[in-house]
There are 2 protein chains.
Amino acid sequence: MPFTAEELRFMMRFREGEVTLDPGDYLFHEDEALTSFYTVRSGQGARYKTLENGDRQLVNFVFPGDLVGLAGTVTGATTAAVQAVAPMRLCRFRKNRLPELFAGHPDRAYALTWIAAVEEHFLGETIATLGQRNAIQRLAWALLKVHQRLAAVGLADGAGTVPFPYRQGDLADALGLSLVHTNKTLAQLRSWARLENGRLAVFDHQKLAELSLSNDDGPIRRPLL
Amino acid sequence: MPFTAEELRFMMRFREGEVTLDPGDYLFHEDEALTSFYTVRSGQGARYKTLENGDRQLVNFVFPGDLVGLAGTVTGATTAAVQAVAPMRLCRFRKNRLPELFAGHPDRAYALTWIAAVEEHFLGETIATLGQRNAIQRLAWALLKVHQRLAAVGLADGAGTVPFPYRQGDLADALGLSLVHTNKTLAQLRSWARLENGRLAVFDHQKLAELSLSNDDGPIRRPLL
DNA sequence: CGCGGGTTTGATCCCAGTCAAGTCCCGTGG
DNA sequence: CCACGGGACTTGACTGGGATCAAACCCGCG
């Protein structure tokens, strides 16, 4: 979840290094013992779990400003893998500096908790989507959310399109649909939104919101500090 | 997520009161502005979202030891309603004491973050379940998890059954299945686990794990402090 | 020019949703 | 004591959304 520029400046002082990933590279795998967590400087990736039968569930897209791996460091083991889809740059923070952060910078620690809470909010929405919405509603919801989040971190161009380097199969895995059905459903939405050469273009937010049945809570307010 | 006895003792000093709920009572509704968060002393409830069309998604069961509403206080508005299913007792904590907590008790603040992280872990698993598993797998997974969590807080009786006052419709809403299909699927599982007069009896954990295709990570370790 | 990954599109199948009756089990009141 | 009613649970018949299988198509690339 996004940080303010000021927060990022602060975090820079606490970081232990920078990580660069090419598309396809893993930041970490499932069940890996984590000693660091990261913030995303640029690029896009995917966080997902794999079940025994090989099925993949993309838990969430990871975008610039997001924080990843906090849960993994804090509980001791990661619960999902994180893989780059577009070239990524991240800042690494060592788990063992966390106590120091909490002790010396309560306001920052609070911000961290705030972020975890927002994350929880998102996951709750995703659960509602997977549990109750049909294919059209899921796609409309997902495209809308993705656009909102990327636009919120300034990645929308003049035409209102945002970078979206994922394949349709990724979307399918995120929404619990088959690749084929995802494709057919995307076709139905083409007049309102479109996936084209690595970008997502949304023509009619209104219509998508309508189709998604989303109790849209809109973009989330940033913490006061 | 569960607290240790020691943590609970500490929290007692920070609380602002106790809340008692009868079955059906709401702790708070969706979109309600929250100024407090709560820990569950006893009883059981449900946290759920309602979409515009009236469909309900039960985001998670709330059990003794759980923390609820932190996300709501921290982001400003609740994202889901919490309703009691069995009589509940909870401790209330005012949001405005949070800065004080973070400033004066970094270890406790850390524990709070830890809890949020664990919550995130659970929600991720739920997402994988809703996205990838079929009806039998979902039910097997859910029954297993519920039993694990309730047993972990000491609610299993000698026979290994745990209190489960929910109706089949609640389970259905939690798993994104219809009531009818949930019922039929439960019938298929009856030799391994059973819902009976407000209790859940699990006869064969092994078998359920097998059926659920769960990469079972088992019960989660508690934080060091 | 052929190859491979991603995208489309068509045909078929089946899991789970929907509709519709029951059945059980209470608690209430005559 | 029994009739009644309502809520939860069952069960059966039918339907449909989305999965699966299969085959093109459309590039960019060696």
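- Relative to the ring axis of A:Y38, A:R92 does not place its NZ or CZ within 45° and under 6.0 Å from the centre.
- One can place CG of A:D55 at 17 Å from P of D:dG18, the figure rounded to the nearest angstrom.
- A:G176 comes within contact range of the sugar-phosphate backbone alone, with a heavy-atom separation under 4.0 Å but no base atom that close.
- B:L179 comes within contact range of no nucleotide atom at all, as no heavy-atom separation falls under 4.0 Å.
- Contact annotation: A:N183 side-chain N/O to C:dT8 OP1/OP2 distance is under 4.0 Å.
- A:H181 has its NE2 atom 13 Å from the C1' atom of D:dT20, to the nearest Å.
- One interatomic measurement links the two molecules: NZ of A:K184 to C1' of D:dA22, which rounds to 11 Å at whole-angstrom precision.
- Among D:dA19, D:dG12, D:dG18, the nucleotide with an atom closest to any side-chain atom of A:A135 is D:dG18.
- Between the side chains of B:T79 and B:K49, at least one donor-acceptor pair of N or O atoms lies under 3.5 Å.
- One interatomic measurement links the two molecules: CZ of B:R194 to P of D:dC9, which rounds to 15 Å at whole-angstrom precision.
- Contact between the side-chain N/O atoms of A:R190 and the OP1/OP2 oxygens of C:dT7 is not found at any separation under 4.0 Å.
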Self-check item: Residues B:E125, B:W141; criterion side-chain hydrogen bond (donor to acceptor under 3.5 Å, both in side chains); working and verdict
Solution: CA-CA 10 Å; B:E125 268 198 59; B:W141 175 83; 3.1 Å; yes

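- By the side-chain hydrogen bond (donor to acceptor under 3.5 Å, both in side chains) test, A:R199 is found to be paired with A:D157, A:T161, residues two or more places apart in sequence or in another chain being considered.
- Computed from coordinates, the B:I136 CD1 to C:dC15 C1' distance equals 9 Å when rounded to whole Å.
- Spacing between atom CZ of B:R167 and atom C1' of C:dC25 amounts to 16 Å, rounded to whole angstrom units.
- With rounding to whole Å, B:R133 atom CZ is found 18 Å from C:dC15 atom C1'.
- Distance B:Q168 CD to D:dT11 C1': 12 Å, rounded to the nearest Å.
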